[in-house]
Amino acid sequence: MNRIFLDVHALQTVPPSNLNRDDTGAPKTAVYGGVPRARVSSQAWKRAIRTSFKDEHLLDPAELGVRTKKVVELLADRITGLDASVEREAALRLADETVKAAGFKTEVPKRKAEQAKKDAGPAPAPESKYLVFLSSRQLDGLARLALEGAADITAFLKTKENKARAKELADTRHSVDIALFGRMVADVADINVDAAVQVAHALSVHRVDNESDYYTAVDDENTDEETGAGMIGTVDFNSATLYRYAALGVHQLAANLGQGLREDEPRTEPVRRAVEAFVQAFVSSLPTGKINTFGHHTEPDAVVVKLRTTRPISCVAAFEEPVRSDGGGHLREAADRLAAYALDVERAYGDPETTLTWVLRVGPATQKLVELGTETGTLRELAAAVGQAVAEHLEKPA
């Protein structure tokens with residue numbers, strides 16, 4: 001298969017906020033170009049992207065997965081959903097044996113076991129020792145396997161054939177989010193999934209110093225004689241114009257997804273849907289750390305998407321020398337730098353014969369970016385254009 005990459009670049013300005021906290025509660029930072037920058041970790045933004053798939057209805061629920069330690073309970077729900085006559089306790093036992101046969105270690109959490117004993121309640125369900133990422137179709141397949149061996153699940157799954165089936169069911173028909181972001185299982189390395197997407201930590205294009213907000217809360221029931229605050233505290237924050245970047249290996253995504261949901265759909269269709277959903281989710285998603293405190297609801301001011309057959313290229317070096325504000329903000333200078341650097345790096349390392357570029361932007365400050373490629377009017381149009389181009393590239397002979 002041809003190697004195909006998508007580079008997605010975005011400039012996004014956020015007001016005072018604390019999108020992604022460190023262990024002290026302060027916004028995460030990094031030193032780049034010799035000065036401190038605001039930073040939002042890739043993990044935080046990937047979580048926001050995965051949430052957007054569901055919340056924005058970008059993909060069918062059947063094309064999404066679940067990442068949880070409570071995989072035994074989740075599988076038990078699937079089992080009783082397929083056969084309502086199976087009692088809950090029996091479903092949990094079937095689920096636990098099947099999950100272990102697939103290669104995932106489970107145990108009853110000590111804390112929950114002690115609480116159940118104290119309350120003289122039923123034994124809690126086992127949990128996996130780590131987060132398990134399984135697709136909806138994988139859970140359904142494991143549930144059907146469990147029901148097939150329900151008469152004696154232990155003996156059923158002891159056979160080499162059925163144990164292999166359990167592992168195979170956990171390693172085929174991956175959901176879009178698993179295909180995009182990968183899966184790592186230390187105990188069962190042979191069912192690991194290489195991520196198709198690499199997401200960079202978002203960095204401010206300029207120097208940022210964290211600030212602290214001192215706040216008080218009043219007790220509504222206080223009388224006039226009772227002065228003073230009912231609560232005091234501080235919350236750290238910053239504001240920044242962020243450069244965001246992700247690289248999507250379309251060929252890896254296609255390999256991870258395999259065949260589509262329907263036998264009659266073209267092989268490129270599930271990849272096209274996944275690409276369009278990813279572009280929309282990457283652009284519109286937003287980490288929700290302290291969002292009730294700051295209400296930092298913004299969209300990117302500019303998005304540049306490149307489809308290339310060479311290798312991914314980040315443009316973060318455009319901001320290695322921090323943008324300095326003359327009192328007029330950072331966005332215009334950031335957009336001008338991104339446009340100039342993208343043209344320079346494409347001239348030196350790109351392939352103009354095979355590279356396609358789309359631009360989505362808001363406001364006059366981002367006008368310079370139009371020089372990079374085809375301007376689209378809406379995010380939906382951008383995603384559709386990228387998806388169509390990806391499908392056409394996949395259909396070309398290797």
Side-chain angles (χ1 to χ4, degrees), residues 1-8 20 40-54 58-71 74 99 102-105 128-139 141-142 166-202 244-261 267-268 270-283 285 287 308 311-314 386-387 390 394:
M1 180 182 295
N2 294 323
R3 280 163 46 94
I4 311 170
F5 296 98
L6 275 183
D7 286 334
V8 188
N20 185 210
V40 182
S41 72
S42 59
Q43 183 75 2
W45 225 301
K46 283 189 282 189
R47 167 67 179 170
I49 292 169
R50 288 182 52 231
T51 301
S52 288
F53 288 149
K54 179 180 178 182
L58 299 176
L59 290 165
D60 189 286
E63 294 181 285
L64 295 173
V66 179
R67 189 176 64 179
T68 181
K69 287 185 176 181
K70 300 177 182 178
V71 63
L74 195 62
V99 165
F104 306 110
K105 294 181 179 179
S128 59
K129 293 185 177 181
Y130 36 73
L131 290 171
V132 173
F133 205 175
L134 289 171
S135 74
S136 178
R137 291 175 289 175
Q138 288 166 350
L139 286 166
L142 290 170
K167 282 192 176 183
E168 183 182 6
L169 286 167
D171 195 32
T172 55
R173 300 178 70 79
H174 296 303
S175 59
V176 170
D177 42 4
I178 292 176
L180 284 167
F181 301 116
R183 179 176 69 190
M184 196 279 283
V185 184
D187 294 331
V188 206
D190 54 342
I191 67 168
N192 288 347
V193 180
D194 290 334
V197 167
Q198 299 167 346
V199 178
H201 289 230
R244 300 171 50 206
Y245 171 74
L248 168 57
V250 178
H251 53 286
Q252 183 67 54
L253 174 63
N256 289 350
L257 284 175
Q259 190 59 42
L261 283 170
R267 69 178 182 88
T268 59
V271 183
R272 182 194 62 77
R273 286 199 304 270
V275 166
E276 291 187 16
F278 174 75
V279 170
Q280 291 190 67
F282 178 84
V283 172
S285 60
R308 61 173 72 252
R311 52 152 288 188
I313 302 176
S314 168
V386 174
V390 163
L394 288 174

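Throughout, numbering of the chain's residues begins at 1 and tracks the sequence. All values reported here derive from a predicted model rather than from experimental measurement.
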Could you tell me which non-hydrogen atom of [X] sits nearest to which non-hydrogen atom of [Y], and how far apart they are?
| X | Y | answer |
| --- | --- | --- |
| L58 | A277 | CD1-O, 3.7 Å |
| I178 | S135 | CD1-N, 3.5 Å |
| P287 | A44 | CG-O, 4.2 Å |
| G182 | F133 | O-CD1, 3.7 Å |
| Y130 | G103 | OH-O, 4.0 Å |
| L257 | A179 | CD2-CB, 3.7 Å |

State, with a plain yes or no, whether a side-chain heavy atom of [X] is found less than 4.5 Å away from one of [Y].
| X | Y | result |
| --- | --- | --- |
| F181 | I49 | yes |
| F278 | V197 | yes |
| S175 | E63 | no |
| H174 | Q138 | yes |
| L64 | R50 | no |

Please enumerate all residues that pass side chain to side chain contact (heavy atoms under 4.5 Å, CB included) together with [X], with sequence neighbours excluded.
| X | value |
| --- | --- |
| K69 | E127, S128, L131 |
| A196 | L248, Q252, L253, N256 |
| T172 | E168 |
| S136 | R78, D140 |

Side chain to side chain contact (heavy atoms under 4.5 Å, CB included) with V275: which of L394, L180, T268, L6?
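So the option named by the test is L6.
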Taking only residues two or more places apart in sequence, or in another chain, which ones meet [X] in a side-chain hydrogen bond (donor to acceptor under 3.5 Å, both in side chains)?
| X | value |
| --- | --- |
| S52 | none |
| S285 | W45 |
| Q280 | none |

Can you tell me how far CG of L134 sits from CG of L74, rounded to the nearest 0.5 angstrom?
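Here the rounded value is 8.0 Å.
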Rounded at 0.5 Å granularity, tell me how far NE2 in H201 sits from OG in S42.
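Output value for this atom pair is 3.5 Å.
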Run the salt bridge (Lys or Arg N to Asp or Glu O under 4.0 Å) test against R244 and tell me which residues pass, sequence neighbours left out.
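None.
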Residues which pass salt bridge (Lys or Arg N to Asp or Glu O under 4.0 Å) with R308, listed by chain and number, not counting sequence neighbours
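With neighbours one apart ignored, the set is D7, E346.
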For Y245, enumerate each residue passing the ring-ring contact (aromatic ring centres under 6.0 Å, His included) test, keeping only those at least two apart in sequence or located in another chain.
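Checked Y245 against ring-ring contact (aromatic ring centres under 6.0 Å, His included); matches are H9.
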Which residues pass the ring-ring contact (aromatic ring centres under 6.0 Å, His included) test with F5, not counting sequence neighbours?
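By the ring-ring contact (aromatic ring centres under 6.0 Å, His included) rule, F5 matches H251.
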Salt bridge flag under 4.0 Å for residues R183 and D171:
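D171 and R183: salt-bridged.
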